[in-house]
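These figures come from a predicted structure and were not determined experimentally. Chain naming here is simple, since letters A, B, ... match the order of the sequence lines and numbering starts at 1 in each.
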Number of protein chains: 4
Amino acid sequence: MPRTSEQFKEVREKSKEHIIKTALYLFAERGFYSTSISMIAKEAGIAKGALYHYFDSKEDLLKAIIEMGMGKMGHAMEVLFSNVAPMEKLEGMVRTTVALIEDDPLTWKLMIALTMQQHPSETMKEIVAPLEKKGTEFFFQMFKDLNIPHPEEEGYVLAAILDGLAMHLIFKGEDHYPVERVVNHVLDRYRSMVKK
Amino acid sequence: MPRTSEQFKEVREKSKEHIIKTALYLFAERGFYSTSISMIAKEAGIAKGALYHYFDSKEDLLKAIIEMGMGKMGHAMEVLFSNVAPMEKLEGMVRTTVALIEDDPLTWKLMIALTMQQHPSETMKEIVAPLEKKGTEFFFQMFKDLNIPHPEEEGYVLAAILDGLAMHLIFKGEDHYPVERVVNHVLDRYRSMVKK
Amino acid sequence: MPRTSEQFKEVREKSKEHIIKTALYLFAERGFYSTSISMIAKEAGIAKGALYHYFDSKEDLLKAIIEMGMGKMGHAMEVLFSNVAPMEKLEGMVRTTVALIEDDPLTWKLMIALTMQQHPSETMKEIVAPLEKKGTEFFFQMFKDLNIPHPEEEGYVLAAILDGLAMHLIFKGEDHYPVERVVNHVLDRYRSMVKK
Amino acid sequence: MPRTSEQFKEVREKSKEHIIKTALYLFAERGFYSTSISMIAKEAGIAKGALYHYFDSKEDLLKAIIEMGMGKMGHAMEVLFSNVAPMEKLEGMVRTTVALIEDDPLTWKLMIALTMQQHPSETMKEIVAPLEKKGTEFFFQMFKDLNIPHPEEEGYVLAAILDGLAMHLIFKGEDHYPVERVVNHVLDRYRSMVKK
DNA sequence: CATGAATGAGATTTCATTCAT
DNA sequence: CATGAATGAAATCTCATTCAT
């Protein structure tokens, strides 16, 4: 009795996700180039060949991981671009970033690593560059709306803070980094600037 | 013939430096794993075998690059830990960091990339972790000396700013990033906090 | 229920033929080694597994294709070995060869390709070698019957002409090759030799 | 003491030729797809990797073999297009073809096999198609010069004879095929046509 | 010390075949 | 009988490292 195509689809989706998770873990912990297809297959408990049912190549697997990560992020960020008061936007921006990282630090670790190293695939650059540009413009507008002096420079600083914070959080782990306190401090500072 | 031996040493040192520079360039621009020994040899205009006269392995070459980079940095930073007024320390810290990057962006690019990816060699972690710890403590003490409230949190924020700034500067290039304005803005902010 | 069993057999035969046709097409157009079982299954609109219900292996499938092709040919050729006048035999030989190719160029394309490349399977050699020998002898006898001088050499030449013609016809296609004119010319030549 | 670059070149050329010869032998005897790089390396008495010093890929190796073969052929054929009497041209054409095959049957075996099977590489088609066209035109002109009736058809027939002859000679081997007699017979026939 | 040819372990990839459902 | 997910052997290819000259 043949399985229905739905059953197949389900099995396929499960396997795909399982492989992605395993690969994400290994890529993030050991680096893309130091992780072999063999390792991923072994860790996932499947044969090497099975991996190629789901992904055309190691590169394609990486792309799938990136896309999945970006999907999550894009979704979360969209909320922020909606109509809320500027100060809430700022707070949302910062807290959402932190929440995303804490929710899925592996994806972020990998993402940052790929951006930093000159990975041949264009995927990362294509994704990160426009995102960053959008972010900078967003910050600029936000600070202008908040009537904070030197909104452009302040935007650059916030971008630096967020990226630096992300790096530290990811590579130290939330157990060793007082995110909450740092975030609150940053936000307090902006609040005090607005009140004035 | 001690003279000859010295000359030999000098020539050897020159060759070593030439290889290091070439390798640094390639590692930074293309990534460590995507750069082969063949490439380095060809780019440096020497034979593959010659490279192994100077370095035991690809890993050893990387280590030499890192050590050279760290040497420069350590030297520059030492000045800051000497007896100068806190505010000058802060300014020195920020400006020295930027100056170091602008002076040798390739080393930094590579350094950051290696730190981010989980390079098997322990070199980077061994070097970066204590440095970061020292930095954090240094910032903490500095802000305390400056009587700035919440010196610990402020220290974390400054660390984040510096790392974020470094990242942006390195990956965008100084032509596309208004370092000077951003740095001045950051320093002005601390100055205003002190005056109060 | 013998009826059912018969119906089964018929359905089975239909499926088999469908697969054979699909595989023949792909093998001929893309080559045996460059055509995967997956491709055949997909092109035939069945699952990979199903293919193995009908054929034990890729090799077995190839064998079935060859046998089917040979069946057709053998049947057509048999007629020629019957009792007809030598000149009609000659004409029949040539025209039948051309007709067979025009009727089923794919089979021939594949056949020739397999004969030329040293396919590991013995099938082709087992089939082609005796056929060729029989052909040569047949030609020899024919030309002797026709009282044409040097019947043996003439036999070799005719064999060469037929194989060369077949090759050109198959690889250029009948639209780009003036078969009719060439065949008539060849036959005319033999006719003029006989009349003399 | 480093070898001079000339010495290196020499060694390199020798190795390259050795590999080409080994690969040609195996490709011709077993087929391109049924011959693995491992086999070639083992047969040549070298390591797999060495092969990739000389050829970028299996395909590239094949290309080198083809080019070498074509080089020989082109050179030999050029002579024929020069100014000699038509009948000598014809004889030269036929005898040169046979001589080339007898001199290097492996190359020809491989060449024919590749032309017949639909090898993905365009190399063969690019080479063979124009060659064939040139050949056909050459024959046509030759028969016209010889005042032989139906020169075009006769050209097609000669092309068929030559290709058929080549096939038979190559796949039976000169020990089992009376080339000399067949060739003489063919030429005699043309001579008798001219005299008339 | 210099050279680049050669090695060989290991990486990625392919694909005929099997098998649980 | 049908399905396509999974296997695993083998193929192609890469590249840090060694070594004869």
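As rounded to whole Å, 16 Å separates atom P of F:dC19 from atom CZ of D:Phe8. Look at CD on D:Glu13: it is 12 Å from P on E:dA6, rounded to the nearest Å. Taking atom NZ of residue D:Lys9 and atom P of nucleotide E:dT3, one finds them 17 Å apart after rounding to whole Å. Between the P atom of E:dC15 and the CG atom of C:Leu62 lies a distance of 17 Å, rounded to the nearest Å. Rounded to whole angstrom, the span from the CD atom of A:Glu10 across to the C1' atom of E:dT21 amounts to 14 Å. A straight line from CD of C:Glu59 to C1' of E:dT17 spans 14 Å, rounded to a whole angstrom.
Not one side-chain nitrogen or oxygen of D:Arg12 sits closer than 4.0 Å to the OP1 or OP2 atom of E:dG4.
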Encoded 5' to 3' (Watson-Crick or G-U under 3.5 Å; [ ] crossing; | other strand), DNA chain F becomes .||||||||||||||||||||
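With contacts defined as side-chain heavy-atom distances shorter than 4.5 Å, the pair C:Met73/C:Met111 does not qualify.
Between B:Phe32 and B:His119, the ring planes lie perpendicular to each other; the angle is over 60°, past the 30° to 60° tilted range.
Listed by residue number, D:Ile46, D:Ala47, D:Lys48, D:Gly49, D:Ala50, D:His53, D:Tyr54 are the residues of residues 28-55 of chain D with a heavy-atom contact under 4.0 Å to DNA chain E.
Salt bridge annotation for B:Glu59-B:Lys63: absent, with no cationic side-chain nitrogen under 4.0 angstrom from a carboxylate oxygen.
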